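Worksheet: the structure to be examined is printed underneath.
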2 protein chains.
Amino acid sequence: MAESTQHGEDPWEGAAIPAVPDRFLASDLVDEIEFLAARARSLGSAHANAVLAPLDLKVRSYSVLAMACSDTGPSQRELADFLRLDPSQIVSLVDALEQRGLVFRAPDPRDRRSKVIRPTAAGTELHQRAAAAVRVAEETSLASLDGPERDQLRVLLRKIAFS
Amino acid sequence: MAESTQHGEDPWEGAAIPAVPDRFLASDLVDEIEFLAARARSLGSAHANAVLAPLDLKVRSYSVLAMACSDTGPSQRELADFLRLDPSQIVSLVDALEQRGLVFRAPDPRDRRSKVIRPTAAGTELHQRAAAAVRVAEETSLASLDGPERDQLRVLLRKIAFS
DNA sequence: CCCACATAATTGACGTTGTCAATCATAATT
DNA sequence: AATTATGATTGACAACGTCAATTATGTGGG
């Protein structure tokens, strides 16, 4: 053994995040929200997917499960709009969750075309563990922000996400 | 004719953004940065891609072009790290831009393995128009934020994007 | 100097995601 | 009743993400 200072493989969970050369931090791109959001989200969803992997979930499937576990009784069309996914993607996500016994398609009494996605007991239970995992990932992603800053960010994102 | 009030096809540019039912705004998901960021970014990049489409660019290719046009002389590896893309994706992006005569691969005197991406005159010119278009898209995406809020958002995103 | 190992660019494979058109069942409108 | 609109579904295809292998070059230890 004794492979101390060598670093061919980082003996660490997750992928090492390469540092950014200082000269890049002065480029015009770092003033563009579009770019900053893309990079921030790439980092964030990498963390989230990592903590969700042990539960066999990704951010996508987690979002669907979370909505199913909310008391809002979302239809698939509503999920598509809310999560900004194509209806066909919702079909496969719900299919996968349904096959795992986490959610089921309940009939909508108002509209027989529509199906309301509801959680099973197992789904509710898994969601609780997943939500805890996501909170951990969020903690990691937002490590550089203090409490008030995180609240600020939430408020600002909510505004542009639901404008 | 006379299909005035009918709305099979929205006579409007871009895709209409479906409204979100109020009851969803109380779900747990809207407190999670991960979700808010995903939705905000989905909206934002849709806008950005729309304004870039006439220039035959997407946010991806625009980012590479923008970095090429900065005075930072980025190598492909550095672009991969900075933009958080796989090196192989940078290859195709640069290939496409190079074939259009917008950038070229310059040799790196320090390291003959490495190639520095630089803009052509046409690349510089297109970048200026593209940057203006992106500013327009940003204006649209951030319409619900005032000036100080936009600055706040930039600062917060910069922190988490380069932590 | 030589050797072993690390790194930059590239290619190719392969699974995942995004987008679209078509279909069927049911609603809504006229 | 007929027409039109909408929800779910399927299938096709392009775009994207990820990984392994290859080639050329750099780097550090003997």
Side-chain angles (χ1 to χ4, degrees), chain A residues 3 5-10 14-16 18 38 41-43 45-46 49-50 53 56-61 63-64 73-96 98 103-117, chain B residues 2-10 14-16 18 21 38 41-43 45-46 49-50 52-53 56-61 63-64 73-96 98 103-117:
Chain A
E3 38 140 56
T5 49
Q6 204 132 349
H7 63 298
E9 301 292 322
D10 264 299
R41 175 147 170 67
S42 171
L43 292 164
S45 66
N49 278 325
D56 272 298
L57 289 173
K58 298 187 178 184
V59 290
R60 284 294 176 73
S61 39
S63 300
V64 172
S75 73
Q76 297 188 190
R77 154 59 60 181
E78 287 171 328
L79 287 176
D81 291 345
F82 192 58
L83 304 177
R84 288 193 56 84
L85 298 173
D86 190 90
S88 63
Q89 293 180 284
I90 301 291
V91 170
S92 8
L93 286 165
V94 171
D95 279 350
E98 192 171 45
V103 305
F104 63 96
R105 292 166 157 96
D108 182 343
R110 324 260 188 179
D111 186 339
R112 279 184 299 172
R113 290 170 302 178
S114 166
K115 297 172 188 177
V116 174
I117 307 307
Chain B
E3 38 146 53
S4 48
T5 50
Q6 207 132 346
H7 62 297
E9 302 292 319
D10 263 300
R41 177 149 167 63
S42 171
L43 292 164
S45 66
N49 278 324
L52 286 173
D56 271 298
L57 290 173
K58 297 187 176 184
V59 289
R60 285 292 176 75
S61 39
S63 299
V64 172
S75 73
Q76 295 187 192
R77 154 60 59 180
E78 287 170 329
L79 287 176
D81 291 344
F82 191 58
L83 304 176
R84 287 190 58 81
L85 299 173
D86 190 89
S88 62
Q89 294 180 283
I90 301 291
V91 170
S92 9
L93 286 166
V94 171
D95 279 350
E98 193 171 45
V103 305
F104 63 96
R105 292 167 158 95
D108 182 343
R110 324 260 188 181
D111 186 340
R112 279 184 299 171
R113 291 172 302 179
S114 167
K115 297 170 186 178
V116 175
I117 307 308

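These numbers were taken from a predicted model, which means no experiment stands behind them. Throughout, protein chains are lettered first and strands after them, A, B, ... in sequence-line order, and every chain is numbered starting at 1.
Looking at every heavy atom in both residues, A/Ser63 comes nearest to A/Leu83 through CB-CD2, 3.9 Å.
Rounded to whole angstrom, the span from the CD1 atom of B/Ile90 across to the C1' atom of C/dT10 amounts to 13 Å. We find that CZ of B/Arg77 is positioned 18 Å from P of D/dT25, with the value rounded to whole Å. B/Asn49 places its CG atom 19 Å from the P atom of D/dA14, with the value rounded to the nearest Å. The distance between atom NZ of B/Lys115 and atom P of D/dG26, rounded to the nearest whole Å, is 13 Å. Counting to the nearest Å, the P atom of D/dG7 and the CZ atom of A/Arg105 are 16 Å from each other. Between the CZ atom of A/Arg41 and the P atom of D/dC16 there is a distance of 16 Å, rounded to whole Å.
Side-chain atoms of B/Pro107 and B/Arg112, non-hydrogen and from C-beta on, never get closer than 4.5 Å to each other.
To the nearest 0.5 Å, atom NZ of residue A/Lys115 and atom CD of residue A/Gln76 are 6.5 Å apart.
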Reading 5' to 3' through nucleotides 17-22 of chain C, protein heavy-atom contacts under 4.0 Å coded B for base, S for sugar-phosphate only, - for none
SBBB--
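Using modelled atom types, no side-chain atom of A/Asp86 and backbone atom of A/Ala80 make a donor-acceptor pair closer than 3.5 Å.
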Return the polar atom pairs (N/O with N/O) between nucleotides 24-28 of chain C and the protein under 3.5 Å, or none.
| from | atom 1 | to | atom 2 | distance (Å) |
| --- | --- | --- | --- | --- |
| C/dT26 | O2 | A/Arg113 | NH1 | 3.4 |
| C/dA27 | OP1 | A/Arg112 | N | 2.9 |
| C/dA27 | OP1 | A/Arg112 | NE | 3.2 |
| C/dA27 | OP2 | A/Arg112 | NH2 | 3.3 |
| C/dA27 | O4' | A/Arg113 | NH2 | 3.3 |

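In summary, A/Asp95 and A/Arg105 engage in a salt bridge, as defined by a charged side-chain N under 4.0 Å from a carboxylate O. Taking the charged nitrogens against the carboxylate oxygens, B/Arg113 and B/Asp111 do have a contact shorter than 4.0 Å, which makes a salt bridge. Ion pairing between A/Asp81 and A/Arg77 holds under the 4.0 Å rule for side-chain N and carboxylate O.
Evaluation of the side-chain hydrogen bond (donor to acceptor under 3.5 Å, both in side chains) rule for A/Ser42 yields B/Arg84 as partners, not counting sequence neighbours.
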